[in-house]
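Letters A, B, ... are given to chains in the order of the sequence lines, protein chains preceding strands, and every chain is numbered from 1.
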Amino acid sequence: MNKVISLQQDIKDHLKEIVFNLGYNAENLNILLEEPKEKVNGDYSTNLAMLLTKIAKKQPKLIANEIVDRFNKDKYYVSKIDIAGPGFINFYMDNNYLTTVISEIINANENYGKNNQDNPIKINVEFVSANPTGDLHLGHARGAAIGDSLCRILTVAGFVVTREYYVNDAGNQIHNLALSTIARYEQQLGIDTPVPENGYHGTDIIDIAKSLFEKYGDMYKEDSKERYDLFRKYAKEYELEKIKKDLSNFRVEFDIWSSEQKLYDDNRVIKAIEKLAEKGYIYEFEGATWFKSTAFGDDKDRVLRKSDKSLTYLTPDIAYHIDKLERGYDKLINILGADHHGYIPRLKASIECLTGENDKLEALIIQMVRLIKNGEEYKMSKRSGKALTIRDLIEEVGIDAVRYFFAMRSPDSQMDFDIDLATSQSNDNPVYYAQYAHARISSIFRQAEEKNLNYKVSEQYLEVNSDKAYDLLKKLSEFPKFIVEAANKRAPHRITHYIYELASVFHSFYNAEKVINEENIEKTSQLLALVKATQITLKNALELIGVSAPDKM
RNA sequence: UUACUCUUAGCUCAGUGGAAGAGCAUUCGCCUUCUAAGCGAGUGGUCACAGGUUCAAAUCCUGUAGAGUAUACCA
């Protein structure tokens with residue numbers, strides 16, 4: 001346990017004890033020890049006196065006085081206590097209470113921030129899951145960045161995480177992909193076959209056709225089932241490989257790629273209907289098979305098998321989620337674009353029907369990204385073939401900047417991605433601010449090497465005598481707390497904000513204090529320890545959002 | 001029509017019961033000194049509106065207005 005966190009807990013316990021000794025019955029009180037935003041208001045602050053107003057029937061300020069009188073300051077590194085505003089009790093800490101954090105960070109190194117849980121729950125995070133019918137675009141990139149960051153954060157927070165991509169390789173989209181490929185192939189042979197209306201018109205399909213032509217020549221000139229099956233499989237794998245490569249370049253890896261087709265092949269799709277039927281929530285109406293999802297909060301019941309006996313999209317998806325549940329995860333998190341949010345209630349309904357739990361599946365909705373170019377919205381469509389792909393994006397803006405940009409904002413805020421701004425003013429991108437802090441630290445250590453200083457990074461940081469060093473130390477100590485919060489709230493952007501804050505206090509410290517002082521090796525050693533701890537923390541934090549920590553810029 | 005999400009500084013956005021925040025823009029300072037992609041200071045807000053709950057509401061509840069998305073026996 002982090003020293004700072006345990007001290008906070010000790011203070012809380014001490015406060016509880018005081019309240020008890022004062023004779024107030026406050027067993028159910030949730031005492032908060034917060035860190036005020038304004039430094040004027042101390043290092044910690046508690047609302048305790050306000051909470052007690054009802055029980056004590058006194059003004060909060062009077063209660064606060066009683067509490068403060070009984071507080072043992074020396075034991076808990078408190079230098080001063082104030083009562084402020086409506087009755088907040090503000091604690092000002094002794095500057096040296098944090099110094100143990102430094103050695104803690106340096107010893108933990110890349111593990112600093114890592115939280116070990118005794119019995120961690122198993123979480124499956126499904127994200128991206130774009131159809132293998134074309135390139136990933138902007139929205140997928142945002143989903144990939146947030147999903148990947150969330151997985152990294154959950155892992156560090158101590159959960160057991162599986163990253164999964166559901167490949168829709170069985171439906172109409174793939175059928176259209178196959179037909180489009182066939183059309184482009186015939187065009188290679190000089191036959192004037194148009195790409196179907198619902199087909200894919202992107203240039204990637206031409207590439208696929210060309211490669212098929214090179215491989216097979218005019219062998220598949222005639223229509224046949226064999227040709228259809230072969231081309232369909234070939235096109236799908238081509239697109240999927242491209243997606244895998246793009247994601248990997250984007251520093252996003254998956255543990256499992258699940259195939260919809262395989263669910264059909266293993267005969268598990270029909271079984272999904274049977275399982276729901278066993279629970280008594282399946283009925284026949286006008287020749288179709290329905291799932292009574294309204295029993296679990298959906299707007300209307302949903303069709304699983306159409307009157308022509310073919311299955312809807314929902315059916316294999318339910319089978320897929322049954323499969324995930326059977327693999328033993330405690331929680332399923334689906335990361336979806338906002339355009340699919342209407343789909344969630346029916347899926348949740350199926351899971352609640354089967355498990356009896358309504359929080360087994362959690363949906364994280366990612367709002368839309370609007371692409372702005374030349375001051376106006378740039379519509380994208382996979383079918384028109386004009387969309388900006390994840391590859392274009394990385395090429396124009398850079399991986400670090402794209403990852404940082406997407407991780408910076410809350411998933412549920414819609415965002416405009418201004419291409420002109422991102423490219424022309426790329427030096428103003430906040431990612432450089434954070435990376436620059438890391439590069440500066442590396443530079444300090446290079447200097448220390450060059451000057452051949454006989455220093456060693458202190459095991460203990462003995463005395464904090466500057467405000468800037470103290471601010472830095474304090475920010476370093478908060479890292480584990482941010483991780484837990486980001487994980488529990490599914491909010492990677494909290495980490496990005498932490499990174500910015502940490503970089504900010506470091507830059508401030510850097511300007512105020514010269515680290516290397518050849519006249520005073522002892523002080524230099526101590527400051528180098530602080531700087532080392534900053535470098536470790538910054539790097540670990542950047543790692544969580546998939547951004548590199550350069551030594552030079 | 002209904003459902004979900006959003007509405008906070010000129011712009012882009014954090015904060016989700018406890019004391020209104022950051023970046024950009026703008027104004028003024030700081031490079032002979034470990035990287036100025038940096039630092040310091042200033043300007044800027046009835047937290048969309050109206051009620052309610054609470055000692056306390058930007059935050060929770062209800063309603064209203066505006067924006068986005070979705071409302072298929074498509075996938």
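Judged purely by distance below 3.5 Å, without hydrogens or angles, the side chains of A/Asn334 and A/Tyr343 never pair a donor atom with an acceptor atom. A donor atom on one side chain and an acceptor atom on the other are not found under 3.5 Å apart for A/Tyr498 and A/Glu478.
Ring centroid separation for the pair A/Phe482 and A/His497 does not come in under the 6.0 Å cut-off.
Rounded to whole Å, the P atom of B/C60 lies 11 Å from the corresponding atom of B/U5. Look at the C1' atom in both B/G45 and B/A9: the space between them is 5 Å, to the nearest Å. Separating the C1' atom of B/G44 from that of B/U26 is a span of 10 Å, rounded to the nearest Å. Nucleotides B/G51 and B/A58 have their P atoms positioned 14 Å apart, rounded to a whole Å. Rounded to whole Å, the P atom of B/U32 lies 47 Å from the corresponding atom of B/A48. Going from the P atom of B/U33 to that of B/C28 covers 26 Å, rounded to whole Å. Taking the C1' atom of each, B/U8 and B/G21 are spaced 10 Å apart, rounded to whole Å. B/C11 and B/C49 have their P atoms separated by 15 Å, given to the nearest Å.
Residue-to-nucleotide contacts include no donor-acceptor pair under 3.5 Å from the side chain of A/Asp169 to the base of B/A75. Applying the 3.5 Å distance criterion, the base of B/A22 shares no donor-acceptor pair with the side chain of A/Ser504.
For B/A37, the OP1/OP2 oxygens have no side-chain nitrogen or oxygen of A/Arg440 closer than 4.0 Å. The side chain of A/His175 contributes no N or O atom lying less than 4.0 Å from OP1 or OP2 of B/A75. Checking the phosphate oxygens (OP1, OP2) of B/A75, no side-chain nitrogen or oxygen of A/Tyr313 falls inside 4.0 Å. One finds no side-chain N or O of A/Lys306 lying less than 4.0 angstrom from the OP1 or OP2 phosphate oxygen of B/A72. An OP1 or OP2 oxygen of B/C39 is reached within less than 4.0 angstrom by a side-chain nitrogen or oxygen of A/Tyr433. Of the side-chain N and O atoms in A/Lys300, none sit less than 4.0 angstrom from OP1 or OP2 of B/A70.
Consecutive pairing runs in RNA chain B reach the stem threshold at B:2-7 with B:65-70, B:10-13 with B:21-24, B:26-30 with B:38-42, B:48-52 with B:60-64, where a stem means at least three Watson-Crick or G-U wobble pairs with distances under 3.5 Å.
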Nucleotide N/O to protein N/O under 3.5 Å, stretch nucleotides 3-11 of chain B:
{"unit_1": "B/U5", "atom_1": "O2'", "unit_2": "A/Gln367", "atom_2": "NE2", "d": "3.2"}

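By the side-chain hydrogen bond (donor to acceptor under 3.5 Å, both in side chains) test, A/Asp551 pairs with A/Ser442, sequence neighbours left out. Applying the side chain to side chain contact (heavy atoms under 4.5 Å, CB included) rule to A/Ser45 yields the partners A/Pro36, A/Phe88, A/Asn90; only residues at least two apart in sequence or on another chain are considered. Applying the side-chain hydrogen bond (donor to acceptor under 3.5 Å, both in side chains) test to A/Arg305 and every residue at least two apart in sequence or in another chain returns A/Thr289. With sequence neighbours excluded, the residues satisfying side chain to side chain contact (heavy atoms under 4.5 Å, CB included) with A/Asp229 are A/Lys225.
Judged by ring centres under 5.5 Å apart and planes tilted less than 30 degrees, A/Phe88 stacks against the six-membered base ring of B/A19.
Remark: A/Glu362 engages A/Arg490 in a salt bridge, criterion side-chain N to carboxylate O under 4.0 Å. Salt bridge A/Glu450/A/Arg446: absent, no basic N to carboxylate O contact under 4.0 Å.
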- prompt: Should A/Glu164 and A/Tyr320 be marked as a side chain to side chain donor-acceptor pair (under 3.5 Å) after you check the CA-CA gap, both sets of side-chain angles, and the distance that decides it?
  reply: CA-CA 12 Å; A/Glu164 187 150 337; A/Tyr320 170 52; 2.9 Å; yes
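Across the interface with RNA chain B, nearest-nucleotide mapping of A/Arg346 and A/Thr46 shows A/Thr46 to be the residue nearer the 5′ end. Heavy-atom nearest nucleotides on RNA chain B were determined for A/Glu513 and for A/Thr312, and the one closer to the 5' end corresponds to A/Glu513.
Because its glycosidic torsion is within 90° of 0, B/C31 is reported here as syn.
Contact annotation for A/Asn90: base contact, defined as any heavy-atom pair under 4.0 Å involving a base atom.
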